[in-house]
Amino acid sequence: MSEKETKSTEKTEAEKCKEQLFSKPKHAGLILSDEKIKKADKFCEGYKHFLNSAKTEREAVAYAVSAAEEAGFVPFEKGKQYAAGEKFYWVNRGKAIILGVMGSEPITCGVRISAAHIDSPRLDLKQHPLYEDSSLAMLKTHYYGGIKKYQWTAIPLALHGVVVKADGEKVEVKIGEDEGDPVFCVTDLLPHLAQDQMKRTLAEGIKGEELNILVGSRPFKDDKASEAVKLNIMAILNEKYGMVEDDFISAELEAVPAFKAQDVGFDRSMVGSYGQDDRVCAYTALAAILKCDAPKITALTVLTDKEEIGSDGNTGLDSYYLRYFIEDLAAAFGANPRTVISASECLSADVNAAFDPTFPDVIEKRNGSFANFGVVMTKFTGSRGKSGTSDASAEFVGRVRRLFDRNKIIWQTGELGKVDHGGGGTVAMYIAKMNMDVIDVGVPVLSMHAPFEITAKLDTYMAFRAFKCFFEDNEK
Ligand code: MN
Ligand code: MN
């Protein structure tokens, strides 16, 4: 080796200084061993299966219940003093679930919560949805959550949900998922005749009342009947589900993309699927509690509904159901629920927007999050001067930062877009309302809220590890 080469490998004072003082984000693919990467890929096989079997909040709850029971969780009993290590779950109206593992420390030390949401943007059927126009049978919808309406046309849709019939019987509907099932579709205008439509703004390109789903086109065989196509559809629904038109009134039917979760990229490094906001955090937070065996502090995973429409409603986290649950848990030990809640900590497990090189203008690069750079810790969300958010304290950010570093979690920070470029919220502010420390931790997502969203597998695996160490690590 020549003298010149020796010198070039020696670090200068400035280089050494820089190494010590500057933050250095690094691609998870460069940090993790091949073995760990394989583990992450394998973990995401289970994740894809979850995405395909749980496209609605109700289906996610059903999935969580069966996985929990298999892992030894039993239905929560009010008033029972749970012993350390005992596992329980409680379902709220079939649309939200709390899973817990009792800690060895007294309940007055608080609980640790990972809270993700299992509702995703979609098209809900209206209460009088079915009509016939020009010999086509259609369904009227009202979109749920923040969508770019034009993205929901001309893609195959499946219909999921429940119908409560006049006599109270509840029928489950799931059509468009199995091989051989028919699918449904919102039609769009051909470009040849879209001259006027093309002049509309992107937001108005497809209007809310134009999100009509095509569901049939053949008439009931009777020349005298009017609305014969609609009648034919109603006859099919009656035969299959025993329902009549008025049963739509007491139904929750959700149209979601019919396609399946798939690997994305030549390198298969990403997952593309509907509903990854926030099922990527729901799956990882669920996996973390299922694998949590003997925590010191009682651990809870909450999978909640209604986040996409502002957490309102009795299955959303702006309701008191989580507070009541912790109060019941505390009451069994004669503990003051306020003491328990105020000593508790929460990771609000929700996604953030990953930096998209095609749209670089909306994210300030120094503070944005990037796919494959690990789980994102988001101190605040909201909009217009941090309005509508829980801005986590420096102390709690410091606590979570130390936790992640100790456990070799690959993590990054993020913010939801440039200042005054829009924004959004999570359940964090509703958790904070209870006087709990809380911060958003989740996975960066590309094309968030689109029918086909994209995440990086290594980030998903890191989210699982992050929630798991939050439950299990007891150093402060
Ligand atoms: Mn979300
Ligand atoms: Mn969302």
Side-chain angles (χ1 to χ4, degrees), residues 47 50-51 54-57 60-61 64 95-97 113-124 143-149 151-152 254 256-257 271-286 301-313 315-318 322 346-354 356 362-363 368-369 371 375-383 388-390 392 414-417 421-432 438-456 459-460 463-464 466-467:
Y47 172 47
F50 169 73
L51 287 168
K55 288 192 177 180
T56 66
E57 57 283 356
V61 167
K95 300 205 268 186
I97 183 170
I113 304 169
S114 290
H117 66 92
I118 45 177
D119 61 320
S120 294
R122 60 183 190 244
L123 306 179
D124 283 349
Y143 64 97
Y144 173 100
I147 62 166
K148 291 164 96 176
K149 300 180 191 84
Q151 293 180 333
W152 290 75
E254 309 173 1
V256 297
V271 169
S273 169
Y274 164 69
Q276 298 202 71
D277 172 9
D278 183 33
R279 289 192 196 106
V280 67
C281 296
Y283 182 74
T284 46
L286 175 65
T301 281
V302 179
L303 304 182
T304 196
D305 183 27
K306 297 277 182 274
E307 193 279 339
E308 293 296 357
I309 55 167
S311 295
D312 299 314
T315 50
L317 276 183
D318 197 19
L322 175 59
C346 178
L347 298 184
S348 160
D350 207 344
V351 299
N352 201 332
D356 184 338
V362 298
I363 285 176
S369 63
V375 71
V376 202
M377 180 154 81
T378 307
K379 187 175 182 291
F380 58 88
T381 57
S383 54
T389 183
S390 155
E415 67 174 355
L416 194 53
H421 260 67
T426 64
V427 299
M429 58 196 257
Y430 306 107
I431 301 275
V438 58
I439 188 166
D440 285 301
V441 170
V443 173
V445 176
L446 288 160
S447 303
M448 196 199 290
H449 282 209
F452 195 70
E453 305 173 300
I454 292 168
T455 56
D459 296 333
T460 301
F464 159 65
F467 301 138

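Whatever order the structure lists ligands and atoms in, that order sets their numbers, starting from 1. If you're wondering where the values come from, they're calculated on a predicted model, not measured in any experiment.
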Side chains of L322 and I113 in contact at under 4.5 Å (non-hydrogen atoms):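 They are in side-chain contact.
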Beyond-backbone contact of M429 with F380, side-chain heavy atoms, under 4.5 angstrom: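 They are not in contact (no side-chain heavy atoms under 4.5 Å apart), so the answer is no.
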Straight-line distance of E308 CD to D278 CG, nearest 0.5 Å: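 Between atom CD of E308 and atom CG of D278 there are 8.0 Å.
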Tally of protein N, O or S atoms, where distance to the Mn ion (ligand 2) is under 2.8 Å: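 Count of protein N, O, S atoms less than 2.8 Å from the Mn ion (ligand 2): 4.
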S369 and N352: side chain donor to acceptor below 3.5 Å: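 No pair is found: no donor N or O on one side chain lies under 3.5 Å from an acceptor on the other.
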Evaluation steps, side-chain hydrogen bond (donor to acceptor under 3.5 Å, both in side chains), between T455 and Q276: CA-CA 8 Å; T455 56; Q276 298 202 71; 2.7 Å; yes
ring-ring contact (aromatic ring centres under 6.0 Å, His included) partners of Y283, counting only residues at least two apart: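 By the ring-ring contact (aromatic ring centres under 6.0 Å, His included) rule, Y283 matches F43, Y47, F50.
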